[in-house]
Amino acid sequence: MASFTFSKPSGMLLPLVLVTYLVAATSAGNFYQDIDVTWGDQRGKILNGGQLLTLSLDKFSGSGFQSKNEYLFARIDMQLKLVPDNSAGTVTTFYLSSQGPGHDEIDFEFLGNSSGNPYTVHTNVYAQGKGNKEQQFHLWFDPTAAFHTYSIVWNPQRIIFLVDNSPIRVFQNSEAIGVPFPKSQPMRVYSSLWNADDWATQGGRVKTDWTKAPFTASYRNYNANGCVKSSAGSSCASETSSKLLISTLYKAFTTLCPTINHSFILTQTQAPNNMASSTFSKSAVMLLPLVLVTCLVAATSAGNFYHDIDVTWGDQRGKILNGGQLLTLSLDKFSGSGFQSKNEYLFARIDMQLKLVPDNSAGTVTTFYLSSQGPGHDEIDFEFLGNSSGNPYTVHTNVYAQGKGNKEQQFHLWFDPTAAFHTYSIVWNPQRIIFLVDNSPIRVFQNSEAIGVPFPKSQPMRVYSSLWNADDWATQGGRVKTDWTKAPFTASYRNYNANGCVKSSAGSSCASGNSVNDQAWQTQELDSAGRNRLRWVQSKFMIYNYCTDLKRFPQGLPAECKR
């Protein structure tokens, strides 16, 4: 087996910069940059500045797209919201494929349903033109009510199909016993929405109802993290890039993925323990970057509540479930519950998916916020004020700096936050604070220190969440009380992401130059599409703005409002 020789890198900066690049490429995604809509005569559309893509199907045609790049091994993530209501006869696909009669292919196919019946998720693997390796599933949620993440991990050892980072199928490389495995043909990412009512729903017995057309599926947050094929070869396999890639990534790997068994990785890559002058097999070129990226994506995207969170109060009313993938907080007449992050951050982007207390939640408050400690604390708040059945939640936001708040804005949402998980995000950087819901900005608080307005910038903050009783003020100013016959009240959390500058005894990870998180959030602001979305949210759903409350500020509105 051929080998490459690597010298010890001169420092940590280069691997960290490289890792930063890889993570940025994984997390950012823009359909204009990454995707070509290839058929459908305008039925495939890229919207919201490249952040959203829709495919439509009518009686005349479906539509589809493909990735600009080809990959030879990759992790591909896509968030989809499938065709709602009666989608019988339709098929929405998300797959990897090469071309030609001896092609390789890795398939997600979503077979539409008649109203009230679940989608069938069809998976298959082709190698050298041969498939017939189907497994089918129903999902544990309604895939039409909200976006969910569907992922394909393809490396030399196995193919993993994941839904919201939960594995549903693993196809191992079994070439040792004569089973072909996709490993030599580069593949593009494809997706399509098309009519297959001759077989898709109940074997073709239920036909497409064209009175419901056009049918539309929606896509966002496309991530392609892999070995890009070009005229020069694979980005992971070329010898020149490999020398840089392996030596630097191993350093980053041992630093950033301390919980992974390094000796196992060394064994798998044929690398000796002496990293000062090491020889790596070609398999290392493929395996180590993918393992590192898997570690980073798991740390950055998936999150595990056991690793990231401490349940701090509630006497067992706060529970971590499903191997760390789900957390629930409960409230009864005796106590609520809450948690905090293990890490403190000095600037960060924090994402959390929440499903709020359903039905009659009047009097309850569910919080998700950043805060430092002490009387002069800083704080950035999402608070969800419960409702009586049939009435919307109130989403309350506020910003404290040096112990002073009084910067409230309140909103209703454009969906039912109790029916499915939705993503609530806080972007906090030195220039501004952005509140986002499902990546739509609802509020921006700019740094206005230049005109004397304090801004949170020097106190590290933890992430907190709680579920508690506040029926003295929460619902209609305290007029609607908590109905304890409905207890326990429960809110659910998943997919926690904390991407920021971690505070430790050595200082901030960003300030010391040792962060892998030098990403877009550190300077994030709204582009024209974001500003349009913000205007839409604030015109349609804002119910209170301190900057327009003249009665509250008879001596004049706060200085930042005048801006």
Side-chain angles (χ1 to χ4, degrees), residues 31 35-48 51-66 78-95 107-124 134 136-150 163-164 168 189-222 355 358 390 392 413-422 438-440 533 536 540:
F31 286 116
I35 292 296
D36 291 318
V37 177
T38 48
W39 65 282
D41 191 23
Q42 306 303 310
R43 292 173 178 84
K45 297 178 181 178
I46 298 176
L47 307 166
N48 293 2
Q51 300 304 303
L52 179 70
L53 187 152
T54 61
L55 295 181
S56 291
L57 163 70
D58 57 32
K59 197 169 185 178
F60 303 99
S61 178
S63 50
F65 64 79
Q66 68 181 41
M78 182 78 82
Q79 287 194 326
L80 280 79
K81 185 163 64 171
L82 298 178
V83 175
D85 303 322
N86 187 350
S87 57
T90 72
V91 175
T92 307
T93 66
F94 165 52
Y95 63 105
D107 291 340
F108 268 115
E109 293 186 315
F110 304 92
L111 313 185
N113 62 78
S114 51
S115 296
N117 296 317
Y119 266 76
T120 295
V121 180
H122 177 98
T123 67
N124 204 353
E134 299 90 345
Q136 294 184 339
F137 306 84
H138 287 158
L139 296 169
W140 51 97
F141 52 82
D142 178 359
T144 74
F147 283 93
H148 292 269
T149 305
Y150 304 88
V163 176
D164 287 337
I168 64 170
V189 181
Y190 294 86
S191 189
S192 58
L193 174 57
W194 54 291
N195 180 47
D197 65 1
D198 56 332
W199 65 270
T201 306
Q202 296 181 33
R205 292 189 296 275
V206 182
K207 302 298 183 182
T208 304
D209 181 355
W210 294 111
T211 66
K212 307 296 185 182
F215 304 97
T216 301
S218 301
Y219 302 74
R220 71 180 188 190
N221 290 347
Y222 168 67
K355 185 163 64 172
L413 296 169
W414 49 97
F415 53 82
D416 178 359
T418 74
F421 284 93
H422 292 269
D438 287 337
N439 222 38
S440 290
R533 185 69 172 176
W536 177 77
K540 299 286 187 182

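- With ring centers used as reference points, Trp39 lies 6.0 Å or more from Trp194.
- In this structure, Arg43 pairs ionically with Asp58, as a charged nitrogen and a carboxylate oxygen lie closer than 4.0 Å.
- Counting heavy-atom neighbours within 6.0 Å of Lys207 NZ, excluding the residue itself, gives a total above 12.
- Of the possible polar contacts, one joining the Asp416 side chain to the Thr418 backbone as a donor-acceptor pair under 3.5 Å is found.
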Apply the test side-chain contact (heavy atoms from CB on, under 4.5 Å) to residues Trp199 and Val91: give CA-CA distance (whole Å), side-chain angles for both, the deciding distance (0.1 Å), then the verdict.
CA-CA 10 Å; Trp199 65 270; Val91 175; 4.2 Å; yes
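- Side-chain N/O atoms of Thr216 and Ser56 include a donor and acceptor closer than 3.5 Å.
- Using modelled atom types, one finds no donor on one side chain facing an acceptor on the other under 3.5 Å when comparing Ser218 with Thr54.
- When all heavy atoms are compared, the tightest approach of Ser61 to Gly40 is OG-CA, 4.1 Å.
- Ring-centre distance between Tyr119 and His138: not below the 6.0 Å cut-off.
- Between Trp414 and Trp536, the ring planes are perpendicular. Angles over 60° get that label, and only those under 30° would be called parallel.
- Minimum heavy-atom separation, Asn113 to Asn86: O-OD1, 3.4 Å.
- The backbone N or O of Ser87 sits less than 3.5 Å from a side-chain atom of Thr90, completing a donor-acceptor pair.
- With hydrogens and angles disregarded, no donor-acceptor distance shorter than 3.5 Å links the side chain of Thr92 to the backbone of Phe110.
- No more than 12 heavy atoms of other residues, nucleotides or ligands sit less than 6.0 Å from atom CZ of Phe60.
- Side chains of Ser115 and Asp85: no donor on one and acceptor on the other come within 3.5 Å.
- Judged by distance alone, the side chains of Thr38 and Gln66 never bring a donor and an acceptor atom under 3.5 Å apart.
- Separation of the Phe65 and Tyr219 ring centroids falls under the 6.0 Å cut-off.
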